Amino acid sequence: MRSRSSCSALLLLALAGCGHGSSRPAADPFSYDRARPLAVQQSGVAHPNKLLSVHVLSFAGASGRVDAFLLVPNGVRGRMPAVVFLHGAGGGREDFLIPAAILAQRGVVTMTISQPNDAFDFRPLVVNARRALDLLAARADVDPKRLGLVGYSLGAQTAAILAGDEPRLKTVGIVAGRGTGVTTYWIRRAHAQLFFQAGTIDEVVPHAQLVALIDAAPGRPTVRWYRLGHSMNLGSMRDQDAWQAEQLHAGKR
């Protein structure tokens, strides 16, 4: 088994390519077969209120199946924007059900997925998220030109990579994201609108790493600091929901 440091070094070499300072990788290390069937399996639908329906489902991911909740606004005509939520290490699809439900009630189709918890192998994390976007973009009620993503902690690192590697994304929310060689490399290539949220007393991610990721972002991203630790509260997630809804023009066709 390779050490964590050697794995990170190999990944950085793969990202950098062999172009002697080339600004782009020799090949996309997160490419995948988009023609491979998603093989969606639905196991139930809940109706917590009149405004939305919650579908319990799974789909074929990078390796094995990915469990997900799909939250669909009820009674909305036309195509809607859609947002995927990515949890932190040790979490699951349940973690962001409340923010996903709040955003869905604003007219956005949302999805939360369960991810592996390996911060040293981002490929399955990135591919699973891209497969979730595939699922959303294929829906008749989703506008594929208004896709967003929100990632927290480990999910924020995944979101930082996707910001620079997934051209379909219009918005990316990065919550308590760690700036590393890999994440800063990809965030510099971001094309989407970015919203960074972080705690001033984060006890997990060093302040310097929070700042490093923000500083690596191009343009003028939206940045908001909170008097919080690593865990964000519902108020901060409501801010993220409001920003996503505004940027994706929720409620408009």
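FYI, side chains are in, hydrogens and waters are out, and symmetry mates aren't considered; it's all heavy atoms of this structure. Just so it is clear, the structure is predicted and the values come from calculations on it, not from any experiment. Residue numbers count from 1 along this sequence.
- At most 12 heavy atoms of other shown residues, nucleotides or ligands fall within 6.0 angstrom of atom CD in Glu246.
- A distance of 6.0 Å separates CD of Gln115 from CG of Leu86, quoted to the nearest 0.5 Å.
- At a threshold of 4.5 Å between non-hydrogen side-chain atoms, the residues Val56 and Arg93 count as touching.
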Point to revise | Test side-chain contact (heavy atoms from CB on, under 4.5 Å) applied to Thr112 and Asp95, step by step | key: CA-CA 8 Å; Thr112 70; Asp95 291 10; over 6 Å; no
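- Screening Arg130, Arg123, Arg189 for a salt bridge (Lys or Arg N to Asp or Glu O under 4.0 Å) involving Asp28 leaves a single residue, Arg130.
- With a 4.5 Å cut-off on side-chain heavy atoms, Arg168 and Asp134 count as touching.
- Distance check, rounded to the nearest 0.5 Å: OH of Tyr185 to CD1 of Ile161 gives 11.5 Å.
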Practice item. Show your working on side-chain contact (heavy atoms from CB on, under 4.5 Å) between Gln41 and Arg65 and close with a plain yes or no. Key: CA-CA 10 Å; Gln41 297 177 0; Arg65 300 195 63 76; 3.5 Å; yes
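- Rounded to the nearest 0.5 Å, atoms CH2 (Trp225) and CG (Leu210) are 5.0 Å apart.
- The nearest pair of heavy atoms linking Pro206 to Arg178 is CD-NH1, 3.7 Å.
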Point to revise | Verdict with reasoning, Val108 to Met80, per side-chain contact (heavy atoms from CB on, under 4.5 Å) | key: CA-CA 6 Å; Val108 180; Met80 296 172 280; over 6 Å; no
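- Residues Asn74 and Lys50 fail the side-chain proximity criterion, which asks for heavy atoms closer than 4.5 Å.
- Of the possible polar contacts, one joining the Glu203 side chain to the His230 backbone as a donor-acceptor pair under 3.5 Å is found.
- To the nearest 0.5 angstrom, Leu125 atom CG is 5.5 Å from Leu154 atom CG.
- Residues Phe69 and Leu51 share a hydrophobic cluster, clusters being chains of Ile/Leu/Val/Met/Phe/Trp/Tyr side chains in contact below 4.5 Å.
- Trp186 is listed as a side-chain neighbour of Phe30, based on a closest heavy-atom distance under 4.5 Å.
- In this structure the side chain of Leu71 never reaches within 4.5 angstrom of the side chain of Phe85, judged on heavy atoms.
- A pairwise comparison of heavy atoms in Ala250 and Pro81 identifies CA-CG, 4.0 Å as the closest pair.
- Using a cutoff of 4.0 Å between basic side-chain nitrogens and carboxylate oxygens, Arg146 and Asp143 are scored as salt-bridged.
- Shown here for Ala137 and Leu147, the closest heavy-atom pair between the two residues is CB-CD1, 4.3 Å.
- In the hydrophobic clustering of ILVMFWY residues, with side-chain heavy atoms under 4.5 Å counting as a link, Val182 and Val211 come out together.
- Leu135 and Val54 end up in different hydrophobic clusters when Ile, Leu, Val, Met, Phe, Trp and Tyr side chains are linked at under 4.5 Å.
- When side chains are defined from C-beta on, Val126 does not count as touching Glu166, because their heavy atoms never get closer than 4.5 Å.
- Of all heavy-atom pairs spanning Gly61 and Asn128, the tightest one is CA-OD1, 3.4 Å.
- Minimum interatomic distance between Asn117 and Gly91 (heavy atoms only, all atoms of both residues): OD1-N, 3.9 Å.
- Tracing side-chain contacts under 4.5 Å through hydrophobic residues (I, L, V, M, F, W, Y), one reaches Met232 starting from Leu103; they form part of the same cluster.
- The distance from the OG1 atom of Thr222 to the CD atom of Gln247 is 6.5 Å, given to the nearest 0.5 Å.
- No side-chain donor-acceptor contact under 3.5 Å links Arg106 to the backbone of Ala245.
- Within 6.0 Å of CG in Leu234 there are more than 12 heavy atoms belonging to other residues, nucleotides or ligands.
- Side-chain contact between Val172 and Phe196 is absent, with no heavy-atom pair separated by less than 4.5 Å.
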**Study point:** Step-by-step side-chain contact (heavy atoms from CB on, under 4.5 Å) determination, Gln197 to Tyr152
**Key:** CA-CA 9 Å; Gln197 294 175 293; Tyr152 162 72; over 6 Å; no
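- Annotation for Ala176 and Val205: closest pair O-CG2, 4.1 Å, computed over non-hydrogen atoms.
- Annotation for Arg220: atom CZ does not count as buried by contact number, only 12 or fewer foreign heavy atoms lying within 6.0 Å.
- Val66 and Val40 fall within a single hydrophobic cluster, where Ile, Leu, Val, Met, Phe, Trp and Tyr are joined by side-chain heavy atoms under 4.5 Å apart, directly or via other members.
- The closest donor-acceptor contact from the side chain of Arg131 to the backbone of Ala62 lies at 3.5 Å or more, if one exists at all.
- Side-chain polar atoms of Thr183 and Gln157 form no donor-acceptor pair below 3.5 angstrom.
- The pair Arg224-Asp239 meets the salt-bridge criterion, since a charged nitrogen lies less than 4.0 angstrom from a carboxylate oxygen.
- Contact annotation: the side chain of Met237 approaches that of Phe96 to within less than 4.5 Å [non-hydrogen atoms, C-beta and beyond].
- Expressed to the nearest 0.5 Å, how far CG of Leu57 lies from CE of Met111 amounts to 5.5 Å.
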